[in-house]
Chemist: 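Starting off with a structure, shown below.
Below, chains carry the letters A, B, ... as their sequence lines are ordered, and counting in each starts from 1.
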Number of protein chains: 2
Amino acid sequence: MSTAKASRTGSGESGASGSSYHHGNLREALIAEGLALAAEGGLEAVSIREVARRVGVSPAAPFRHFPDKVALMTAVAEEAMARFQVEIAAALARETSDDPIRRIRAIGKAFLDWARRNPTHFEIISSRRAIDFAGSASLGADNARIQAQMVSLLEEAGRRGLLRVDDPQLIQITGRALVYGLARMLIDGQFSSWGVAEDEAEDVMERSLDLFLAGLLKHPVTEERS
Amino acid sequence: MSTAKASRTGSGESGASGSSYHHGNLREALIAEGLALAAEGGLEAVSIREVARRVGVSPAAPFRHFPDKVALMTAVAEEAMARFQVEIAAALARETSDDPIRRIRAIGKAFLDWARRNPTHFEIISSRRAIDFAGSASLGADNARIQAQMVSLLEEAGRRGLLRVDDPQLIQITGRALVYGLARMLIDGQFSSWGVAEDEAEDVMERSLDLFLAGLLKHPVTEERS
DNA sequence: ACCGAATGTAATCGTTGATTACATCCTGAG
DNA sequence: CTCAGGATGTAATCAACGATTACATTCGGT
């Protein structure tokens, strides 16, 4: 809305150096709107023009902050990844047990929950077409952190003699592929093609994760789910 | 659906001679070119105009055979799926053992091999955005056939007392998610972000599959990969 | 108070998907 | 053989997109 465009200057935050002149800070507004637009209508609903339209600037304005669409989408992906990291950290904090398997499970479940609640954020992080993964330091660092956490937990599990196979890298990649595949199947609506109703999906995904983790254990716990 | 158009092109020869009326059979040519175009430059490289340009017709000509782009892409997906089915059948034929686990493994490996060699064909089959899965009878039927094969094999494995968990549906979905995730990770170039070189990918994927399958077994065979 | 630089705008280009009115060609009834 | 009618392809056009360029505005240090 807001036909009067220049009226939003500054009144909120950033009073110190007066960082807002024309729009406030267009860059962050574009990223936020891109994220929202992606969440609403999917990845291909995000266009430079539509984002600009919503923020209330001209179609060319975003190009002052991003050289092309890929750069904008990459920034959006960085924001999405940052939120995902917060989610992972929170899940790990909630899981008070020091059993590495339980902590791994917590990470996997957090991944699945996050992907289910933020399908397009997950999608944009995964897409190597829409974003420039290699050109973003933060995306690589965030990725490496998750990988390191997983491998560390798996090594601990190996040290405790819990695992049937002692290959943290392989287990980590396999687990990643599993949750990645589950998330994508959910998002792509493939569960309905495979005989899983929408409201069963969450439960199925969790049981899939448990099925995989149980298969890793040397001494499966035969724990009955209530 | 119009089966009439293809029938009238029975002769099919007469190639370059102008005797053919307009094009011969544009519909099939468009699908073939769409498949080729996807294989060359990825899914986004497929556009109605480009396909028409390659076939040598006007940009509007394809719309005589497909109401919109989704319909064309769906037809391309059907063709890709048909080829994939052939691959699966061939792999099952090659696997002479009647051990259900080995046959399941053969299906999984065929899936991975096919996705690795035809990344975009895999992608277009998976994409629920570019294609109209629900509107295609053959896609649903092909999907159901694979699912039925897998469940049948898993039931047989259960009958033989091989499995630790007797839930064919869950195992099937988990396995599907795993190979789906592996294939997508490879295509998206994520392996390189996770410490797996390009030429190691095939081996890693196969070992992931084996890791998962071994976890299903009640009496895991002692590691003996040649 | 001013001038340079950062920021946003307007106009424009080439491409895409899609629609419409029109032209062409085959088929088959008479 | 002819000619109506339907199937097939074309030309012209539209709106939306990403992207580039030249220009205008506003900030902010000196």
Chemist: Under the side-chain hydrogen bond (donor to acceptor under 3.5 Å, both in side chains) definition, can you give me all pairs with a residue in residues 35-44 of chain B, not counting sequence neighbours?
Modeler: B:E40-B:R54
Chemist: Calculate the interatomic distance between A:R49 atom CZ and C:dT15 atom C1'; express it in whole Å.
Modeler: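 These atoms are roughly 12 Å apart.
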Chemist: If the condition is side chain to side chain contact (heavy atoms under 4.5 Å, CB included), which residues does A:E79 pass it with, not counting sequence neighbours?
Modeler: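 Applying side chain to side chain contact (heavy atoms under 4.5 Å, CB included) to A:E79 gives A:I31, A:L35, A:R83.
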Chemist: From the list C:dT16, C:dG17, C:dT9, which nucleotide is the closest neighbour of the side chain of B:K69?
Modeler: C:dG17
Chemist: Among residues 33-48 of chain A, which residues get a heavy atom nearer than 4.0 Å to DNA chain D?
Modeler: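 Result for residues 33-48 of chain A: A:S47, A:I48, sorted by number.
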Chemist: Excluding sequence neighbours, so at least two apart, what forms ring-ring contact (aromatic ring centres under 6.0 Å, His included) with A:W114?
Modeler: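 So A:W114 forms a ring-ring contact (aromatic ring centres under 6.0 Å, His included) with A:F84.
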Chemist: Atom pairs under 3.5 Å, N or O on each side, protein against nucleotides 19-21 of chain C: can you list them with distances?
Modeler:
| residue | atom | partner | partner atom | Å |
| --- | --- | --- | --- | --- |
| C:dA21 | N6 | B:R64 | NH2 | 3.1 |

Chemist: D:dT26 C1' sits how many Å from A:N25 CG, rounded?
Modeler: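 In whole Å, D:dT26 C1' and A:N25 CG are 16 Å from each other.
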Chemist: Going by an N to O cut-off under 4.0 Å, is there a salt bridge joining B:E123 and A:R129?
Modeler: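 Salt bridge: yes.
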Chemist: The criterion is salt bridge (charged side-chain N to carboxylate O under 4.0 Å, His left out); which residues satisfy it with A:K69, sequence neighbours excluded?
Modeler: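 Per chain and number, A:K69 pairs via salt bridge (charged side-chain N to carboxylate O under 4.0 Å, His left out) with no residue.
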Chemist: Rounded to the nearest Å, what distance is computed from the CD atom of residue A:E50 to the P atom of nucleotide D:dC17?
Modeler: 7 Å
Chemist: Could I get the full list of ring-ring contact (aromatic ring centres under 6.0 Å, His included) partners for A:F122, not counting sequence neighbours?
Modeler: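 Here the qualifying residues are A:F111, A:Y180.
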Chemist: Taking distance alone, no hydrogens or angles, what donor-acceptor pairs closer than 3.5 Å link side-chain atoms of residues 142-155 of chain A to residues at least two apart or in another chain?
Modeler:
| residue | atom | partner | partner atom | Å |
| --- | --- | --- | --- | --- |
| A:Q147 | NE2 | B:W194 | O | 3.3 |

Chemist: At less than 4.0 Å, is any side-chain N or O atom of B:H65 found next to OP1 or OP2 of D:dG9? Yes or no.
Modeler: yes
Chemist: Round to a whole Å and report the spacing from CZ of A:R27 to C1' of C:dG8.
Modeler: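 From A:R27 CZ to C:dG8 C1': 16 Å.
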Chemist: In whole angstrom, what separates A:L26's CG from D:dT25's P?
Modeler: 19 Å
Chemist: Just to verify, what does B:R49 make a salt bridge (charged side-chain N to carboxylate O under 4.0 Å, His left out) with, not counting sequence neighbours?
Modeler: none
